[in-house]
Amino acid sequence: MSDTEQRNPGNGGETHQQAGGDVPVLTTNHGVPVSDNQNSLKSGARGPTLLEDFVLREKIFHFDHERIPERIVHARGSGAHGYFEATDDISDLTKAALFKKGTKTELFTRFSTVAGGAGSVDTPRDVRGFAVKFYTTEGNWDLVGNNIPVFFIQDAIKFPDLIHSVKMEADRAYPQAGSAHDTFWDWASLTPESTHMQMWAMSDRTLPRSLRMMEGFGVHTFQLVNEEGKSSFVKFHWKPKLGLQSTIWDETLKLQAADNDYHRRDLWEAIDTGDFPEWELGIQVFDKAFAEAQPYDVLDSTKLIPEEDVPVRIIGRMVLDRNVDNFFAETEQVAFLPTNIVPGIDFSNDPLLQGRLFSYLDTQKSRLGTTNFHQIPVNAPRSPAGNFQRDGMMQTKVPKGRANYEPNSLSVVGEDGGPRESPNGFVTTTNPTGADEQGEKLRMRAELFGDHYSQARLFWVSATDNEKAHIASAFTFELSKVGLAHVQERTVANLRNVNEELATRVADGLGIPLPAANPAFRAPVDMPPSPALSIQKNMKETLEGRQVGILIADGSDGAEIDAVVAAVEGAGGKPVLVAPKVGGAKLADGSMKKAQGQLAGSPSQIFDAVAVVLSADGCKMLLKEGAAVQWVMDAFGHLKAIGASDAAKPLLDKAGVEPDAGVVALADIATAGAKRYWDREPGVRTLA
Ligand code: HDD
C-alpha cells in the first residue's frame, strides 16, 4: 500500500486513496473537499443514513441523471475527430472558405446505425449514418448523410411512419435493430417509392466490413454558389481510401455474436494505432439544363445521378486522426443540423431536405435539454460567433455590456455595442429550380417523383451475380420473418416491377406462388448499368486496414509464425495470433508465444483472411476442438483466403475445405488474403 492509501477508516476494509503530491483533491461539484468517498453519513454505525449527507445526495443525484434521451433514430453511433483538406480549386463553383485549395478544416464525424437503440449491436442489416461537422472559418457546416445515396421516402412528412414501422414493434418491443419484421415490410410494401432504397438495404451495402470501408453520400441535391452568386447543383460523395468491403450475411450474423462492438472497436483501434481512416470528398456538379433532361427529378431523394453520367470530381480528403476523450461529452452530445450551412453552399427544394431543416434543430432541444446546446464544446463553432440571443437553460457564457438588442447605438467598437450584420454573411441564393415552380399551395409531388422503379432496376442490373444472389436472399430472409402472407405477397408483387428474375427467386425462396405485379404508378424506363453502384466492382485488392487471424497451438513452428506475421505486416495488414489459450502456445522449440486472442473468443469472422500454423500434434489436438474446426469452416464459408502449414491439412479436411485459388500455402497468405473468393460461394451455400 502506498503512503497515499489507508485501509479501514470506515470499518469496511476498503481502500481510501488520499490526495497529495500530484494527486488532486476529490471535491463535490461545488468544490468542497471530500474526506470519505466510500461511506455515507449514518447516525451510528448501524443507524439510518442522514439526509444531511450532501456528498451522498449530490453523487447519487448526478448519477440518476446520467442518461439523456437517445436519438430517436441513429442512436447507436461512433465518432472521431479529424480534418478536411481541400485539394482542388473549385472557386469557379463555390466561395465557401473550406473549399479554398490547401485549406485544412477541423471536423467531427459520427457513424451510426439507424434503427437500433444506443446499446444495440454494430452489425445489423441497416443503413449507416455518415454525419460530418466541419468547423469552418465561417461557421459550422454539417453534411448529415448516409452510406447509401438514396432514401426510403420522398417527403419528410412520411419520416415518422417509416421510422415507427422499422423500429421495434409498438406492443412487443422487438425486434431490436432490424427491419426483418411485419410492420416494416407492411409499410414498405404499401410505399412503392421505397423500392429503390429497399434494393440498397437488401444488398451488402448494409453489411459493411468496417466503417472505414464504406462510402458516404449527402443524398440530397444541394447547391454551390460562387463569388458572383452563380449557383450549380451538387451531390456530395465520400469515397473510402480502403475501397468498399462488406461482409456476407452468414458472417454478419456470426459477427453479432462474436463482437457487439465490431465497428466501434475497429474504428477506435485503427485511429489508436495511427492507421488513420481516410475518405476523399467528391462532387457531382450539374446545371438546370442537365437536371431537366433526366428521366428522374433531381429533387427526389429516392433517385441518384449515375456516376457514369456525371463523374465524381474529387475535391478534398477527410482524415480521422483523433479518438474522442469522452464518449458522452463528444459522440453522444454532438448535434448535427442540416441547417448548419456556410456561405457558398445552399439547400435545394428537395422536400425531404426541407423537412429535415426543421427536424434536427427541434430534436436537439429534446435530446440535449436546452436551446444552448451549441455551447457544448463538440458543437461550438471554432470561428468567432456572437449575437444577441441571451440566457436560457445551461447558459455557460457571460456576455458583457448593456446591449442585448440590435440595432443599437451604443459603442460599436468593443463589447458594448455588440456584433453587426455583414455583407459577407450567408445569403440565400435564387433557387434555379424554385423560381418557376412557386405557385398554388398544394399537397402534391412533381411528376417524375411518380417513377418508383427505374432506378431500382438500375441497381439490379448493375450488380454482379453474387450481389444479385445476396439481394434475393436478403429479401427472402427478411420476408421469412414476416408472419403476414399478404405483406409477403405485396412485396414480391412490387419486386416484379424491378426484375422478374428477382421476384421469382424471392417467391421461390419463400415457397409462395408468384403474385401478379403491382400496377406501376408510372412506367419505368431502363437505364444503362452503373458499375459504380456495385460493391464488388469497387473493392480494392489490399491487406491495408485488414486483419489476418493466425491460428497457432502448442508445438507450432516459431519460424513459420514469424514469417506469416512479417508477410502480413509487409502487405500493410494486421496479424492477430489466436491460440487455444490466450496466455499463448508452447512452440516447437519450447519457447512461449503469446496470443492476442483466445480461440473461442476470436472466431474467424472477425478477420479478413486466416492462416493456420500447426504441428502434426497441434493439429491432432485441434481436430477435437469444435471451435477450431468451426474457425476454419467459417473462413472457408465466408469466402476468405486460408493459408495453412502442411501439418494443418487434416484440420482443413475436417472443416470441409476444398482446394481453390483462395486456399494457399502459408507463404502466400499475404497476397491471397487481399481479396475474397466469390467463385467459391455457390459451392458453400444455397442462395435464393
Ligand atoms: Fe435524419 C439523425 C441522416 C432523413 C430526422 N439523420 C440523423 C443522423 C443521420 C441522419 C446520419 C444521425 C446524426 C448523428 O450522428 O447525430 N436523415 C439522414 C439522411 C436522411 C434523413 C441521410 C435522408 C436523406 N432525418 C431524415 C428526415 C427526418 C430526419 C426526413 C425528419 C423529418 N434524423 C432526424 C432526427 C435525428 C436524425 C430525428 C435524430 C437525432 C438527430 O436528428 O440529431 O432529427
Side-chain angles (χ1 to χ4, degrees), residues 68-81 107-118 122 126-134 140 142-167 191 193-194 196-197 200-201 205-206 208 211 214-222 235-238 263-264 267 298-304 320 324 327-340 347-348 350-369 373-374 376 378-379:
I68 59 173
E70 65 176 34
R71 292 166 173 82
I72 171 66
V73 280
H74 297 267
R76 167 97 186 159
S78 304
H81 297 272
L107 56 75
F108 186 84
T109 297
R110 182 175 181 273
F111 304 103
S112 45
T113 53
V114 179
D122 273 352
D126 198 357
V127 180
R128 298 302 190 283
F130 195 127
V132 184
K133 185 182 283 295
F134 299 81
N140 291 351
D142 293 358
L143 185 57
V144 195
N146 281 338
N147 74 331
I148 290 180
V150 290
F151 203 61
F152 286 105
I153 49 172
Q154 299 172 325
D155 189 317
I157 199 168
K158 299 171 80 126
F159 191 67
D161 299 300
L162 157 67
I163 299 306
H164 286 170
S165 80
V166 73
K167 288 203 81 126
T191 311
E193 74 200 52
S194 68
H196 186 197
M197 180 77 163
W200 284 81
R205 289 271 175 173
T206 45
L211 302 169
M214 61 184 201
E215 287 180 303
F217 302 90
V219 183
H220 312 284
T221 293
F222 291 89
K235 293 240 184 210
F236 293 103
H237 295 244
W238 292 109
H263 287 156
R264 184 176 284 180
L267 181 69
V298 300
L299 299 184
D300 173 357
S301 275
T302 66
K303 308 294 187 331
L304 52 83
L320 298 181
V324 295
F327 180 85
F328 179 84
E330 302 178 90
T331 312
E332 194 59 17
Q333 292 200 111
V334 67
F336 290 96
L337 305 161
T339 34
N340 276 355
F347 312 119
S348 72
D350 174 342
L352 193 68
L353 173 61
Q354 292 287 324
R356 293 180 74 194
L357 299 182
F358 161 71
S359 180
Y360 289 67
L361 182 62
D362 190 44
T363 210
Q364 307 312 349
K365 167 71 180 67
S366 120
R367 217 165 61 76
L368 299 167
F373 69 86
H374 58 278
I376 296 170
V378 71
N379 295 324

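First listed ligand is number 1; within each ligand, the first listed atom is number 1. Just so it is clear, the values below take in all heavy atoms, side chains as well, and ignore hydrogens, waters and symmetry mates.
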Is the shortest N/O to N/O distance between [X] and ligand 1 below 3.5 Å?
{"X": "N146", "result": "no"}
{"X": "Q364", "result": "yes"}
{"X": "S301", "result": "no"}
{"X": "R71", "result": "yes"}

Using atom types as modelled and distance alone, determine if a side-chain donor or acceptor of [X] lies under 3.5 Å from a backbone N or O of [Y].
{"X": "R128", "Y": "T206", "value": "yes"}
{"X": "R264", "Y": "G77", "value": "yes"}
{"X": "N340", "Y": "K133", "value": "no"}

With atoms numbered from 1 as shown, which atoms in ligand 1 lie under 4.0 angstrom from a non-hydrogen atom of F130?
11 (C)
Near H220 (heavy-atom distance under 4.0 Å), the atoms of ligand 1 are 24 (C)
Would K235 count as a cation-pi partner of F217, with NZ or CZ less than 6.0 Å from the six-membered ring centre and within 45° of the ring normal?
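Checked: cation-pi criterion not met.
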Ligand 1 versus [X]: contacting region, heavy-atom distance under 4.0 Å:
{"X": "V73", "result": "both"}
{"X": "V144", "result": "both"}
{"X": "F358", "result": "neither"}

Identify the closest protein heavy atom to [atom]: which residue and atom is it, and at what distance?
{"atom": "atom 18 (C) of ligand 1", "result": "R356 NH2, 3.0 Å"}
{"atom": "atom 15 (O) of ligand 1", "result": "R110 NH1, 2.7 Å"}
{"atom": "atom 28 (C) of ligand 1", "result": "F159 CD2, 3.2 Å"}
{"atom": "atom 13 (C) of ligand 1", "result": "F336 CD1, 3.8 Å"}
{"atom": "atom 35 (C) of ligand 1", "result": "S359 OG, 4.0 Å"}
{"atom": "atom 7 (C) of ligand 1", "result": "H74 CD2, 3.2 Å"}
{"atom": "atom 38 (C) of ligand 1", "result": "I72 CG2, 3.4 Å"}
{"atom": "atom 41 (C) of ligand 1", "result": "T363 CG2, 3.4 Å"}

Side-chain contact, heavy-atom cut-off 4.5 Å: Q333 with F328?
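The answer is yes, as the side chains (C-beta and beyond) meet within the 4.5 Å cut-off.
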Would you call F159 and I72 a side-chain contact if the rule is heavy atoms closer than 4.5 Å?
no
Whether F236 and F222 hold their rings parallel, tilted or perpendicular, with breakpoints at 30° and 60°
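Rings of F236 and F222: tilted, as their planes differ by 30° to 60°.
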Can we say R205 and E215 salt-bridge, meaning some charged N sits less than 4.0 Å from an Asp/Glu carboxylate O?
yes
Is it true that the side chains of T221 and D350 contain a donor and an acceptor less than 3.5 Å apart?
no
Step by step, work out the side-chain hydrogen bond (donor to acceptor under 3.5 Å, both in side chains) result for R356 and H220.
CA-CA 11 Å; R356 293 180 74 194; H220 312 284; 2.8 Å; yes
Report yes or no: does Y360 have an N/O/S atom closer than 2.8 Å to atom 1 (Fe) of ligand 1?
yes
Under 6.0 Å from the CZ atom of F358, do we count more than 12 heavy atoms belonging to anything else shown?
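No, because the 6.0 Å sphere around CZ of F358 holds 12 heavy atoms or fewer from other groups.
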